[in-house]
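Keep in mind the model is a prediction, meaning the values are calculated, not measured.
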Amino acid sequence: MTVCLLLLSVVALTAAVPVPRLLTRAAWPEREPVVGLWVWQCLVATLLLCCLTALALGAAAVFETVRTQLFAPAPPAVTAAYSLSAAPPWTVALVLLLASGAAWTTAMLARELAEARRCRAQARARLRERAPELPAGLPPARGPVLVLEDEYPDAWWMPGSRPQLVVTTGALHRLTDHQLDAVLTHERGHARARHDWLLHLSSALATGFPRVPLFAHFCDQTHRLVELAADDTASRRCGHLTTALALIELNQHRGVLSCASSNRLLGERVDRLLAPPPRLHRRHRALTTALAALVPLVPLLITFAPGLTALS
């Protein structure tokens with residue numbers, strides 16, 4: 001069991017520190033943001049599985065009740081292969097640390113979801129106040145698109161149990177039909193991929209563990225890559241130039257496209273749309289996706305290796 005815990009620690013540290021730093025320096029995620037998001041998720045899953053399996057093995061070594069529950073259906077040879085009775089003295093400290101981390105992670109996720117629900121409720125309340133009044137006898141608007149009377153050009157997706165796409169009349173007046181279609185396709189791309197859940201997860205992990213490089217980079221890259229992925233969805237339907245012009249029309253009055261602006265992401269998105277980078281070859285995309293999916297299996301293989309060896 002000591003060897004398993006040490007190997008899991010090595011894999012966890014590798015996934016938490018050097019790999020995310022290398023991944024942030026790579027240029028290919030900008031060419032394939034969807035694949036990049038998948039790789040980041042697999043990397044986070046690897047770290048979480050390392051912690052979870054190490055917690056299970058450590059708790060089985062320290063607590064007899066846990067050992068009985070985990071190894072009840074296993075043959076005696078499998079239990080003996082883990083040498084749970086010969087656990088090192090630092091196992092108790094490791095179990096306490098991992099249990100505290102698991103509890104803190106759960107608390108951060110619950111806090112993030114509660115905050116997101118509260119913000120959505122407040123946003124929907126403000127939308128009800130701003131929505132135009134309909135003639136008496138007509139039911140309230142509950143369709144997928146809500147148009148607000150506002151000179152300020154804007155459009156956004158409101159997630160939730162009844163998701164809605166909100167567009168202001170300022171955006172309708174400023175954008176052409178093709179540009180409006182690009183904006184709507186961009187927002188629908190966020191909705192189909194459920195990017196809101198991915199953003200909540202990355203924010204919760206980064207807030208709970210700000211000193212873990214993987215979680216900090218995961219949060220930053222997720223906010224960046226989801227926008228690039230939605231831009232690609234819009235550009236494939238409406239064209240790169242139309243999507244870029246739609247972004248400019250919606251945001252030029254905010255000053256975010258100026259050189260002095262601190263919001264560089266929007267400028268990078270426009271530049272990327274005007275000069276789109278070449279996509280990876282289909283074989284490279286498939287290989288990267290498959291290899292990333294195999295990485296979370298490493299902690300499981302380390303954990304089950306002694307038992308499988310004993311059975312063979």
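- For residues 211-240, the pairs satisfying ring pair (Phe, Tyr, Trp, His ring centres under 6.0 Å) are Phe209-Phe215, with sequence neighbours left out.
- Although no hydrogens or angles enter the test, the distance criterion places a donor-acceptor pair under 3.5 Å between the side chain of Thr168 and the main chain of Tyr152.
- In this structure a side-chain-to-backbone donor-acceptor pair under 3.5 Å is present from Gln41 to Leu37.
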Please output the side-chain donor-acceptor pairs of residues 1-22 that fall under 3.5 Å, not counting sequence neighbours, one pair per line with the distance.
{"from": "Ser9", "atom 1": "OG", "to": "Leu5", "atom 2": "O", "distance (Å)": "2.8"}
{"from": "Thr14", "atom 1": "OG1", "to": "Val10", "atom 2": "O", "distance (Å)": "2.7"}

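- Note that the CG atom of Leu52 and the CG atom of Leu98 stand 9.5 Å from one another [nearest 0.5 Å].
- Residue pairs meeting the side chain to side chain donor-acceptor pair (under 3.5 Å) criterion with at least one member in residues 273-297, sequence neighbours excluded: Glu32-Arg279.
- With a 4.5 Å cut-off on side-chain heavy atoms, Ile302 and Thr53 do not count as touching.
- Atom CD of Gln69 is separated from atom CD of Glu64 by 11.0 Å, given to the nearest 0.5 angstrom.
- Sorted by first and then second residue, the ring pair (Phe, Tyr, Trp, His ring centres under 6.0 Å) pairs involving residues 36-84 (not counting sequence neighbours) are Phe71-Tyr82.
- Atom CG of residue Leu84 and atom CG of residue Leu57 lie 7.5 Å apart, to the nearest 0.5 angstrom.
- Criterion: ILVMFWY side-chain heavy atoms under 4.5 Å apart, direct or through other members. Under it, Leu113 and Leu201 are not part of a common hydrophobic cluster.
- By the side chain to side chain contact (heavy atoms under 4.5 Å, CB included) test, Thr169 pairs with Val147, Glu149, His173, sequence neighbours left out.
- With a 4.5 Å cut-off on side-chain heavy atoms, Glu268 and Glu30 do not count as touching.
- For Glu227, the side-chain hydrogen bond (donor to acceptor under 3.5 Å, both in side chains) partners at least two apart in sequence or on another chain are His186, His190.
- Atom NE2 of His200 and atom OG1 of Thr222 lie 12.5 Å apart (nearest 0.5 Å).
- Under the salt bridge (charged side-chain N to carboxylate O under 4.0 Å, His left out) criterion, Arg272 pairs with Asp232, not counting sequence neighbours.
- Around the CZ atom of Arg237, the shell of radius 6.0 Å holds no more than 12 heavy atoms that belong to other residues, nucleotides or ligands.
- Legend: residues meeting side chain to side chain contact (heavy atoms under 4.5 Å, CB included) with Ala191, ordered by chain and number and at least two apart, are Trp157.
- Looking only at side-chain heavy atoms (C-beta outward), Leu49 and Thr303 stay at 4.5 Å or farther from each other.
- With sequence neighbours left out, the side chain to side chain contact (heavy atoms under 4.5 Å, CB included) criterion links Val92 to Val62, Leu96.
- Under the 3.5 Å distance criterion, the side-chain polar atoms of Ser202 are matched with a main-chain donor or acceptor of Leu199.
- Qualifying side-chain hydrogen bond (donor to acceptor under 3.5 Å, both in side chains) partners for Arg31, counting only residues two or more places apart in sequence or in other chains: none.
- Using a 4.0 Å cut-off between charged nitrogen and carboxylate oxygen, Arg194 and Asp196 count as a salt-bridge pair.
- With sequence neighbours left out, Gln221 forms a side-chain hydrogen bond (donor to acceptor under 3.5 Å, both in side chains) with no residue at all.
- Shortest non-hydrogen contact noted between Ala99 and Leu55 is N-CD1, 3.8 Å.
- More than 12 heavy atoms of other residues, nucleotides or ligands shown are found within 6.0 angstrom of CH2 on Trp156.
- For Glu115, the side-chain hydrogen bond (donor to acceptor under 3.5 Å, both in side chains) criterion is met by Arg118, not counting sequence neighbours.
- Put simply, CG on Leu214 and SG on Cys219 are 11.5 Å apart, with the number rounded to the nearest 0.5 Å.
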